[in-house]
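Worksheet: one structure, shown below.
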Amino acid sequence: MILSRIADQTAADRSTSRDRPTRSSAEQRSRSLHRGARAAQLTYLLFLLSLAFAEPARAQGEPTLDSGDTAWLLTSSALVLMMTLPGLALFYGGLVRAKNVLSVLMQCMISAGAVGVLWILLGYSLAFSEQGELIGGMLGDLSAVGLSSIGPEDLRSGTAVPEYVFAMFQGMFAIITPALMAGAFAERMRFGAYLGFISSWLLLVYVPLAHMVWGGGWIASSLGALDFAGGLVVHMSSGFSALAAAILLGKRHGYRHDPMPPHSLPLTVVGAGMLWVGWFGFNGGSALGANSDAGLAFLTTQTAAATAVIGWALIEVLHTGKATVLGAATAAVAGLVAITPACAFVSPLGAIAIGAGASGVCYFAVTVLKPLWGYDDSLDVFGVHGMGGVWGALATGLFITEAALPEGVGWGAQIAKQVLSIGFVAVYSIAISVGILLALRVLLGSLRVESEDEQRGLDLSLHSENAYTLQPAGTMVGHAPAAAPREHSGAA
Amino acid sequence: MILSRIADQTAADRSTSRDRPTRSSAEQRSRSLHRGARAAQLTYLLFLLSLAFAEPARAQGEPTLDSGDTAWLLTSSALVLMMTLPGLALFYGGLVRAKNVLSVLMQCMISAGAVGVLWILLGYSLAFSEQGELIGGMLGDLSAVGLSSIGPEDLRSGTAVPEYVFAMFQGMFAIITPALMAGAFAERMRFGAYLGFISSWLLLVYVPLAHMVWGGGWIASSLGALDFAGGLVVHMSSGFSALAAAILLGKRHGYRHDPMPPHSLPLTVVGAGMLWVGWFGFNGGSALGANSDAGLAFLTTQTAAATAVIGWALIEVLHTGKATVLGAATAAVAGLVAITPACAFVSPLGAIAIGAGASGVCYFAVTVLKPLWGYDDSLDVFGVHGMGGVWGALATGLFITEAALPEGVGWGAQIAKQVLSIGFVAVYSIAISVGILLALRVLLGSLRVESEDEQRGLDLSLHSENAYTLQPAGTMVGHAPAAAPREHSGAA
Amino acid sequence: MILSRIADQTAADRSTSRDRPTRSSAEQRSRSLHRGARAAQLTYLLFLLSLAFAEPARAQGEPTLDSGDTAWLLTSSALVLMMTLPGLALFYGGLVRAKNVLSVLMQCMISAGAVGVLWILLGYSLAFSEQGELIGGMLGDLSAVGLSSIGPEDLRSGTAVPEYVFAMFQGMFAIITPALMAGAFAERMRFGAYLGFISSWLLLVYVPLAHMVWGGGWIASSLGALDFAGGLVVHMSSGFSALAAAILLGKRHGYRHDPMPPHSLPLTVVGAGMLWVGWFGFNGGSALGANSDAGLAFLTTQTAAATAVIGWALIEVLHTGKATVLGAATAAVAGLVAITPACAFVSPLGAIAIGAGASGVCYFAVTVLKPLWGYDDSLDVFGVHGMGGVWGALATGLFITEAALPEGVGWGAQIAKQVLSIGFVAVYSIAISVGILLALRVLLGSLRVESEDEQRGLDLSLHSENAYTLQPAGTMVGHAPAAAPREHSGAA
Amino acid sequence: MKLVEAIIKPFKLDAVREALAEVGVQGITVTEVKGYGRQKGHTELYRGAEYVVDLLPKLVVEAVVSDDQVDRTVQAVLRSASDSKIGDGKIFVTPISDVIRIRTGERGEDAL
Amino acid sequence: MKLVEAIIKPFKLDAVREALAEVGVQGITVTEVKGYGRQKGHTELYRGAEYVVDLLPKLVVEAVVSDDQVDRTVQAVLRSASDSKIGDGKIFVTPISDVIRIRTGERGEDAL
Amino acid sequence: MKLVEAIIKPFKLDAVREALAEVGVQGITVTEVKGYGRQKGHTELYRGAEYVVDLLPKLVVEAVVSDDQVDRTVQAVLRSASDSKIGDGKIFVTPISDVIRIRTGERGEDAL
Ligand SMILES: Nc1ncnc2c1ncn2[C@@H]1O[C@H](COP(=O)(O)OP(=O)(O)O)[C@@H](O)[C@H]1O
Ligand SMILES: Nc1ncnc2c1ncn2[C@@H]1O[C@H](COP(=O)(O)OP(=O)(O)O)[C@@H](O)[C@H]1O
Ligand SMILES: Nc1ncnc2c1ncn2[C@@H]1O[C@H](COP(=O)(O)OP(=O)(O)O)[C@@H](O)[C@H]1O
């Protein structure tokens with residue numbers, strides 16, 4: 001086993017990423033051993049010399065920072081934040097009615113804020129520190145609380161990048177995932193309830209799943225399910241949790257009677273474009289280096305998104321006679337969601353299949369499943385991320401290449417592992433989310449704004465602001481009021 | 001010749017890019033030879049040792065992935081997609097009237113979709129595979145159809161990056177180029193006609209030109225014209241084809257009688273900003289590595305754009321008394337277009353000259369040439385990309401540095417080569433584009449929407465959507481209608 | 001000396017960045033000595049051999065380009081331009097009234113243009129060329145005017161990146177800094193006055209400060225104050241100069257009587273998001289390589305911004321009862337400003353302290369200080385950049401880690417140095433800015449537009465354009481008018 | 001004929017339109033306006049500053065009806081637009097001297 | 001004096017304005033409105049769902065004219081705004097009791 | 001009762017509203033419109049081309065007042081909206097036959 005691993009290693013550097021959660025320092029060591037072996041082909045003197053020269057590196061006993069890998073992971077981290085701010089904020093902001101656009105932007109901003117802080121203080125340690133596990137296979141430990149135990153020079157084990165950079169890259173994932181859910185209960189949730197929900201959800205749903213899949217936990221190591229860049233951890237988890245939240249919160253006033261068209265489709269298209277671009281960091285960066293896996297992930301990501309756009313447009317033309325712009329934007333995201341778990345495991349043609357499948361699955365979820373079941377998932381988080389995530393996780397098994405199949409696992413067996421992981425993540429996400437929300441409901445009285453505040457719009461009710469003021473009018477009252485502003489200060 | 005080349009190589013790694021189409025494996029080999037030569041300065045023992053140590057690398061006999069180069073090319077690919085989505089979409093979207101903004105956004109989205117898929121299936125192979133040419137000097141071959149023959153570990157020959165990454169970088173160019181044309185016939189073309197046009201155009205115009213200039217074809221290898229990042233392939237080709245399309249489609253209803261001001265200049269400025277930023281990937285990435293050429297290209301790109309902004313503002317103040325914001329945005333793009341073919345061949349001061357020239361040439365094209373000739377190039381694609389491209393291709397010869405001049409070619413001779421290439425690309429683009437459009441007209445009946453649909457706006461007519469809905473009102477009819485929506489479903 | 005340099009260079013690439021202003025060659029040497037010591041453990045023969053192998057590198061006598069460092073600095077440069085275009089343009093554009101949005105966008109565009117050109121011609125040389133200083137410790141020299149003395153292959157000394165790339169990275173800083181000031185006197189300054197102001201300011205304020213802090217001048221080398229990425233040079237300088245300009249120009253018509261709410265908060269949030277993302281290039285790129293300092297800077301940047309968002313929201317809830325979206329956007333920028341000088345000198349927990357402090361300091365400046373003093377700093381440039389910059393420069397001393405403290409300097413001493421540098425930059429910026437503006441007032445008659453033009457809006461008055469035209473109406477007059485447009489052509 | 005002009009809260013539009021259709025009003029014209037009256041405006045915040053926006057969004061629904069339809073029309077609006085809250089709005093009734101249908105040139109009640 | 005109020009299709013504005021100028025109308029005031037009448041609305045799509053928008057964009061052109069100018073004004077609108085298609089719009093004529101020019105305080109027809 | 005309709009320059013709104021409040025007008029309705037009259041429009045530029053926008057932004061302020069309040073109302077507008085410049089606007093006074101308050105159903109002057 002170790003030997004075959006080694007062979008794999010030297011043949012190319014792509015291994016870095018595929019099994020990034022399981023890379024051990026043993027493996028690292030085996031690499032340098034192998035290099036020694038090559039030197040053994042030389043004469044004895046040369047061998048000694050080679051030993052001598054190899055010594056410093058071996059004595060140090062640790063890999064060195066690779067500036068190219070680091071450059072790419074820094075870039076990827078920035079791109080993944082761009083997916084949330086401004087990407088997702090715009091995508092969602094354009095889709096709601098004009099009176100609620102700020103509330104959605106705020107949900108994205110505040111996720112960057114709250115999760116940003118929590119991740120440093122607690123989240124990263126619980127998800128990724130590897131000293132000893134708190135709950136067997138489900139959580140990391142507290143050894144990196146506040147990141148105090150990590151220095152700027154420390155590299156993330158199994159990579160050639162600083163652990164700080166790895167922590168940031170993962171932190172950006174932690175920021176976008178709760179924000180994704182905001183689309184499902186948009187236009188009705190109280191701000192405090194949202195803040196409470198995403199904070200708890202981060203620690204109780206996201207962090208455990210991240211550990212189980214990427215941090216050395218059981219989904220990857222025991223079950224053996226594959227999720228390269230977050231189909232399970234990011235999209236399924238948020239999609240299914242969002243569905244639960246949408247149902248618990250109830251439908252928007254006027255749902256399925258009044259039309260609630262996007263107030264600004266251009267914003268949504270811009271957001272979709274930024275999500276697309278940022279996703280290269282999301283998937284490509286998950287290779288944790290600028291290597292051939294990153295290249296493959298980039299290529300399949302682009303290809304799946306492109307195919308989904310075409311697929312969705314085709315379905316629409318057949319179904320309604322018109323290809324819509326919102327359809328294209330939605331399709332791009334659906335394709336990107338679906339390729340996420342699979343992006344470094346499938347071929348370019350596999351990516352086309354996954355993208356095409358995503359357009360079918362998500363179109364069905366959004367136009368048939370949702371009206372059939374009658375829930376009000378405002379911006380189709382479940383239809384796109386939940387169902388797209390399921391399809392992607394399954395398709396990872398269906399379209400995996402020979403080369404990417406883990407040693408000794410058959411194609412059918414891998415599919416079974418994928419199905420199991422899908423079931424687990426769906427049940428886990430829904431169960432814990434429902435628990436959190438019920439607890440919050442007890443704590444806060446209600447998760448929803450008052451009906452009148454909902455009609456007036458969340459921007460004014462929750463934030464005392466108006467998104468667009470084309471013709472200013474009014475009266476200054478005073479700077480820095482000591483008291484809460486008049487009327488409706490209770491809804492937040 | 002080989003010797004001087006080698007010297008050039010070792011002094012720095014910048015060569016990678018300048019002549020990226022012509023890099024041969026012979027040249028690659030010469031590099032390692034040179035390294036051997038240097039070792040010969042040492043004593044015999046040391047020489048043996050050096051041989052011994054050099055052995056592994058030489059035995060492998062192939063270049064290895066450079067993570068820094070790969071990181072930059074991945075980043076550049078993402079930046080170039082950002083130029084289309086959301087960059088160009090915003091730039092064009094802001095310039096049209098509010099009733100047509102979605103149709104323009106859709107044209108950009110669908111280019112990413114359709115070209116994205118076609119590129120994987122066919123385009124890349126025809127443009128860049130080098131096994132054997134289909135039509136001498138004009139097309140690559142079918143050996144990389146579906147990219148099936150390429151693996152994630154394969155490097156693009158002559159570079160230190162995975163071929164997948166190279167394919168994506170080039171694919172992003174292939175996506176933006178047809179989308180650029182959309183500005184010329186904006187606000188009147190049918191959606192199906194657009195899709196048919198750009199798909200055919202990709203394969204019949206873009207792919208051959210890309211091969212001729214970058215894929216080893218005759219413009220670079222036989223003619224010897226220089227086009228570092230796509231002045232000929234991207235801007236002139238799209239600009240001249242767009243002119244042909246604008247004329248064939250005819251003028252917009254009310255053209256030159258009704259004012260058709262941009263519906264949202266802020267969107268346009270944002271788009272211009274993103275184009276500017278993305279262009280660093282476009283030009284800098286064309287060095288195919290994070291090397292000194294990339295640095296030079298970045299610097300000249302920035303400098304030419306900045307100069308054009310100032311130049312255009314100055315011309316406007318002299319001509320109309322006011323510097324306009326749309327002028328500044330247009331100027332930036334004009335400067336970027338013009339520096340594109342020259343970016344790694346000229347000095348910083350050369351870039352200033354090219355940027356200044358671009359503002360003059362494009363301002364003249366847009367304000368004098370267009371009204372003089374009377375064609376309706378809605379958003380001035382010909383004026384900016386066509387004429388800017390001509391100027392850039394010419395200026396590449398005019399301002400080329402000694403160091404960048406190909407061995408044995410005089411300054412005047414290079415200018416002549418540039419002029420020939422300009423003529424060829426202009427004629428080729430127009431001829432094939434006209435052919436495609438006439439064929440499509442026969443096939444589809446008409447390339448244009450009905451006059452009433454044009455007046456109502458393409459967003460509603462083609463996509464049954466409204467860009468902005470500030471005060472929603474209406475009646476839900478039903479989810480997932482089985483039939484085409486009522487009224488005007490035929491125009492798409 | 002040369003020997004130690006080389007050893008250093010080859011051994012590792014990270015030293016470049018942390019204390020780029022203060023890095024002395026002494027320090028350089030001490031590091032390489034240490035590594036030499038390690039080598040001394042080997043036998044004599046091996047030592048000789050090592051010498052032999054080191055030979056080629058030493059023969060070349062110069063450090064080599066690191067592709068990973070170069071990739072990251074190229075990326076960072078693009079990110080920093082994105083901060084201005086479209087980031088800052090959007091942030092400011094959304095905050096002004098609809099009639100002035102274009103004037104603000106234009107100010108950002110024209111900074112990219114004018115500073116972009118001036119930087120190449122003169123600015124870079126005066127700030128960063130190191131041959132000999134013009135005014136002792138205050139300015140560089142003229143040896144790199146027009147960048148003519150620098151070639152694409154030249155590396156920036158002390159780094160492994162091309163000097164061209166370094167020049168561009170620094171150039172992007174030079175572009176955003178004057179543009180930052182535009183927020184303070186928004187909605188009332190003449191366009192020509194603005195252009196004159198920022199051009200002079202660049203050469204008389206920015207360039208000297210950049211030299212003093214980063215180019216080897218006295219603030220870093222003699223005083224020993226630390227400013228990793230521009231708290232003094234960028235934020236304090238622009239914030240204090242902006243305050244002076246706002247006061248000199250006088251208040252907007254109707255200030256503190258009419259409400260002047262943002263015309264589009266979504267634009268502002270998008271801009272804030274882009275600033276946030278771009279800031280990773282700003283701070284992370286200031287490490288001048290993809291090294292552990294870049295990682296640390298990235299992490300502290302993200303953490304401080306996130307903390308400030310949460311801190312500001314908390315303050316708002318306590319103070320007014322509501323957390324606002326504009327508050328969150330402002331807070332993000334405040335946190336980013338404050339961490340800028342400190343980003344590679346503090347721990348993650350230090351970053352949390354700095355971010356929290358920033359929200360307090362800037363909230364106080366904006367809501368208490370401004371109404372108290374009564375100046376009209378339209379978009380709170382002083383409150384956020386000026387005061388945030390002061391806090392950041394101070395906090396750099398307060399929260400600096402042991403490891404980051406310069407050799408032989410105590411904690412208290414460093415704080416004193418920081419305080420001195422704050423005082424110097426405040427006084428210098430205000431004094432020179434006032435001088436420039438008074439001179440321009442004499443030269444141009446007035447810095448402000450006419451009162452009627454101000455009420456009509458600067459977009460129409462200065463640029464003859466309208467930001468939004470949802471329902472076009474009017475009459476074409478003619479293409480390319482030979483004369484200035486009628487009415488109000490004098491204000492620009 | 002009379003012009004019945006109802007100033008209503010925006011979210012009442014659908015209800016008013018339905019009520020008018022029930023009593024036989026064939027066409028309406030709707031304008032977005034801002035209203036100032038007894039109803040208090042709302043407070044907005046801007047970087048710690050506070051201001052009152054006292055012009056509130058309203059819709060004006062205009063229907064020209066024959067004289068004998070006026071009462072029914074007014075009743076329909078009252079029924080559908082009232083929440084018995086301040087700010088529910090006003091109805092103004094104005095005499096109209098003529099109505100012409102542009103398409104056909106018809107005049108008077110035929111043009112409605 | 002009378003207020004002539006024409007509800008027209010938006011793209012007819014230029015034609016109507018020119019026609020009014022020809023018959024001597026010196027000033028007009030234009031309002032963007034939404035109209036509901038015999039003309040059918042259009043369908044929009046939203047993620048596979050379909051809804052009808054039946055309030056269509058219209059413009060109201062208002063001109064106050066002297067009594068003897070009313071007919072010419074109405075004719076000018078009829079000429080310029082009609083396509084003989086449903087939805088071409090309506091003209092309402094209302095008596096006005098006074099007109100005042102704010103600039104000068106002039107009253108009555110002098111103020112037009 | 002009369003409807004007093006003042007077409008004013010947008011930036012005069014606050015002054016007019018205050019003046020009306022002073023003379024006892026309790027409520028107003030404001031509409032954004034575009035006006036065309038003696039006042040010249042402005043030139044805009046578009047890539048070197050020039051066009052005149054002659055529809056200028058105006059606000060219509062509507063107040064329904066009792067007959068004896070009409071004069072005071074008109075005077076208040078004249079005072080507050082006039083700059084003695086072309087384009088200051090117009091006031092139209094129209095007779096109203098009835099006013100109803102939606103909230104209470106009150107009619108006539110009680111409803112104001
Ligand atoms: N005298 C008036 N003239 C014109 N419009 C009025 C007048 N009074 C009220 N309005 C309009 O009616 C709306 C509702 O009036 P308001 O006084 O707030 O409530 P209510 O009608 O319930 O007493 C106002 O917002 C305004 O648009
Ligand atoms: N009774 C009415 N009161 C007020 N506005 C009306 C009335 N009837 C029609 N309108 C306006 O006139 C427009 C055109 O009317 P419509 O019935 O669609 O066509 P037509 O006038 O050709 O019969 C409508 O959109 C509406 O704005
Ligand atoms: N006859 C009219 N009917 C309707 N509105 C008018 C009429 N004349 C002028 N207006 C409105 O009054 C505004 C001011 O008129 P204008 O002729 O420009 O200036 P003044 O009232 O100072 O003579 C115009 O923009 C228009 O909105």
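Sequence lines set the chain letters: A, B, ... in the order given, protein chains first and strands last, and positions in each chain run from 1.
- Here the CG atom belonging to A:Leu299 is positioned 10.0 Å from the OH atom belonging to B:Tyr124, to the nearest 0.5 angstrom.
- Ranking A:Val309, A:Thr75, A:Val277 against chain B, the residue ahead of the rest is A:Val277, based on heavy-atom pairs under 4.5 Å.
- Heavy atoms closer than 4.5 Å to chain B are found in the side chain of A:Ile352, but not in its backbone.
- Residue B:Leu121 holds its CG atom at 9.0 Å from OG1 of A:Thr303, rounded to the nearest 0.5 Å.
- Here the OG1-CG distance, from B:Thr70 to A:Asn291, works out to 8.5 Å after rounding to the nearest 0.5 Å.
- Rounding to the nearest 0.5 angstrom, the gap separating the OH atom in B:Tyr164 from the OG1 atom in A:Thr300 is 9.0 Å.
- For the residue pair B:Ala71 and A:Gly68, the shortest heavy atom distance occurs at CB-O, 3.5 Å.
- Both the backbone and the side chain of A:Leu326 come within contact range of chain B, each with at least one heavy atom under 4.5 Å from a heavy atom of that chain.
- When all heavy atoms are compared, the tightest approach of A:Met274 to B:Pro86 is CG-CG, 3.9 Å.
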Exercise for the section: Decide yes or no on side-chain contact (heavy atoms from CB on, under 4.5 Å) for B:Leu74 and A:Trp72, but give the supporting numbers first. Expected result: CA-CA 8 Å; B:Leu74 287 165; A:Trp72 175 235; 3.6 Å; yes
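- In this structure, B:Ser464 and A:Lys322 approach most closely via the heavy-atom pair OG-NZ, 3.1 Å.
- Chain B forms more heavy-atom pairs under 4.5 Å with one residue of A:Pro266, A:Gly94, A:Ala328, A:Ala98 than with any other, namely A:Pro266.
- What you find for A:Ser292 and B:Pro162 is that their closest heavy atoms are CA-CG, 4.2 Å.
- For the pair A:Trp276 and B:Leu81, the minimum side-chain heavy-atom distance is below 4.5 Å.
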Exercise for the section: Test side-chain contact (heavy atoms from CB on, under 4.5 Å) on A:Val270 and B:Leu90 and set out the steps. Expected result: CA-CA 7 Å; A:Val270 174; B:Leu90 282 166; 3.3 Å; yes
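- Proximity to chain A (any heavy atom under 4.5 Å) is restricted, for B:Val101, to the side chain, taken from C-beta onward.
- Interatomic distance, CG of B:Leu462 versus OG1 of A:Thr324, reported as 12.0 Å (0.5 Å rounding).
- In this structure, no portion of B:Ser264 lies under 4.5 Å from any heavy atom of chain A.
- Contacts between A:Thr307 and chain B at a heavy-atom distance below 4.5 Å involve backbone atoms as well as side-chain atoms.
- Side-chain contact between A:Leu349 and B:Ser148: present, with at least one pair of heavy atoms (C-beta onward) separated by less than 4.5 Å.
- Both the backbone and the side chain of B:Ala78 have a heavy atom closer than 4.5 Å to some heavy atom of chain A.
- Residue B:Met168 touches chain A through its side chain alone, counting heavy-atom pairs closer than 4.5 Å.
- Among B:Thr84, B:Val165, B:Ile120, the residue with the largest count of heavy-atom pairs under 4.5 Å with chain A is B:Ile120.
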Practice task
Decide yes or no on side-chain contact (heavy atoms from CB on, under 4.5 Å) for A:Phe298 and B:Ser77, but give the supporting numbers first.
Solution key: CA-CA 9 Å; A:Phe298 193 113; B:Ser77 305; 3.4 Å; yes
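- How far CD1 of B:Ile175 is from CD of A:Gln302: 4.5 Å, rounded to the nearest 0.5 Å.
- No part of B:Asp459 comes within reach of chain A, as not one of its non-hydrogen atoms sits under 4.5 angstrom from that chain.
- The two residues B:Ile110 and A:Ala313 come nearest to each other via the heavy atoms CD1-CB, 4.3 Å.
- Your options are B:Leu195, B:Asp66, B:Leu85, and the one with the most heavy-atom pairs under 4.5 Å with chain A is B:Leu85.
- The minimum heavy-atom distance linking B:Met109 with A:Ala332 is given by the pair CE-CB, 4.5 Å.
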